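In this text the structure is predicted, and so the values were computed from the model without any measurement. All values below come from the heavy atoms of this structure, side chains included, with hydrogens, waters and symmetry mates left out.
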Amino acid sequence: MSSLNLDDFTDLIERPDGGMRRDAEERRARFAVPPGALGRLDELGEWLSAAQGAVPVRPVAQPRVIVFAGDHGVAKLGVSKRDVGTAADLVREAVEGGSTGAVLARRLGIGVRIVDVSLDCEPDALPESVDSRRVRRGSGCIDGEDALTLEEAEEAFRVGMAIADEEADSGTDLVVLGDLSVGGTTAASTLIAALCGTDASVVTGRGGDPIDDLAWMRKCAAIRDALRRARPVLGDQLQLLATAGGADLAAATGFLLQCAVRRTPVILDGVVSAACALVGQRVAFRAPDWWLAAHVSGEPAQAKALDRMAMEPLLDQGVRVGGATGGLLALPLVQAAAALAAELPEAP
């Protein structure tokens with residue numbers, strides 16, 4: 001039996017300040033640039049004002065990339081081009097600066113925090129800069145076994161909450177949330193299908209490094225079998241994460257909810273963060289008001305989740321790679337919206 005009461009989040013999470021948003025809208029109406037001329041940038045500036053509780057909006061001065069990393073046992077079924085247990089290679093590439101997310105973060109001058117929640121490797125095989133919060137070594141193969149025990153799911157969830165608190169306490173004013181995993185999109189797609197009441201074929205995508213038709217069929221079958229196990233526990237979100245998620249997804253869900261508690265806005269990257277957000281919405285219906293969808297990832301499960309949460313992605317550039325890449329591409333747009341909302345002159 002879990003000691004974590006998820007119902008508490010419903011009381012703890014408030015919406016961004018509606019009064020400040022109205023003040024920001026009124027201020028915007030006085031600008032020399034006509035209302036509507038900036039499109040969604042106006043909406044973003046007003047959203048930031050509400051999140052910050054400030055008019056004019058403050059610059060996004062201390063953004064941060066948070067990446068939860070883990071391996072998924074379902075990868076052994078051949079649902080990915082990558083071999084099972086090789087997410088550590090993705091982590092090393094990111095730390096060494098060779099990943100797309102690392103390049104963009106370096107160019108933007110933003111710090112990246114990679115958190116090992118469930119990588120399937122020896123801890124000393126990872127660079128020292130990786131934040132070790134490991135709950136277990138890899139998650140279970142969800143087509144026929146639970147990803148985690150309920151106790152492990154709670155531990156991972158609390159890891160995410162703790163990291164959200166650490167970031168808020170250190171002054172982080174906006175987070176780009178990403179993931180590094182092998183098999184993670186299969187688990188994420190299962191969660192989304194379960195929560196949206198759809199079949200496996202509707203949510204099964206081909207991944208950032210597109211899989212062939214045979215691998216797609218294996219992935220679809222794995223999601224179908226995992227769904228049979230996930231549907232009976234839909235009423236218990238922590239048990240759902242234990243059954244069909246994974247430690248990295250549980251941590252990201254806890255992180256998102258605690259960020260909403262701490263009034264820290266978050267940019268969601270791809271299908272994995274969308275799945276965690278959808279679970280988070282089931283926990284606390286006001287929480288998604290603190291999150292933005294960065295981009296269209298091409299994964300049908302992501303589209304399904306964002307539609308359920310009424311989120312419209314900021315970008316659609318055909319980018320399929322993960323690791324916070326899409327979120328980092330969207331970040332300058334959010335920063336630009338803040339600058340325009342704060343610095344444009346009023347009409348004479």
>> Between the side chains of Asp169 and Arg262, is the shortest nitrogen-to-carboxylate-oxygen separation below 4.0 Å, so that they form an ion pair?
In response: yes

> If you measure from the Lys or Arg side-chain nitrogens to the Asp or Glu carboxylate oxygens, is any gap between Asp289 and Arg286 under 4.0 Å?
Replying inline: no

> Just how far is it from atom OG of Ser273 to atom CG of Leu278, taken to the nearest 0.5 Å?
Replying inline: 11.5 Å

> For residues His72 and Asp248, is any side-chain donor paired with an opposing acceptor at under 3.5 Å?
Replying inline: yes

>> Please check this pair: side chain of Glu154 against backbone of Glu151, looking for a donor-acceptor N/O pair closer than 3.5 Å.
In response: no

> Should Asp209 and Arg320 be marked as a salt bridge (charged side-chain N to carboxylate O under 4.0 Å, His left out) after you check the CA-CA gap, both sets of side-chain angles, and the distance that decides it?
Replying inline: CA-CA 8 Å; Asp209 186 3; Arg320 302 179 66 91; over 6 Å; no

> Are Ser80 and Lys219 close enough that a side-chain donor and a side-chain acceptor fall under 3.5 Å?
Replying inline: no

> Is there a side-chain contact between Arg136 and Val117, using heavy atoms and a 4.5 Å cut-off?
Replying inline: no

> Can we say Asp199 and Arg224 salt-bridge, meaning some charged N sits less than 4.0 Å from an Asp/Glu carboxylate O?
Replying inline: no

>> For Ser297 and Gln302, which I'm curious about, is there any donor-acceptor pair between the side chains at under 3.5 Å?
In response: yes

>> Can you confirm whether Asp83 sits close enough to Val182 that some side-chain heavy atom of one is under 4.5 Å from a side-chain heavy atom of the other?
In response: no

> Do the charged groups of Arg137 and Glu122 touch, with an N to O distance under 4.0 Å?
Replying inline: yes

> What's the spacing between Asp213 CG and Arg218 CZ if we round to 0.5 Å?
Replying inline: 10.5 Å

> In this structure, are over 12 heavy atoms from other groups packed under 6.0 Å from Arg228 atom CZ?
Replying inline: yes

> Side-chain donor-acceptor pair under 3.5 Å between Ser189 and Glu299, yes or no?
Replying inline: no

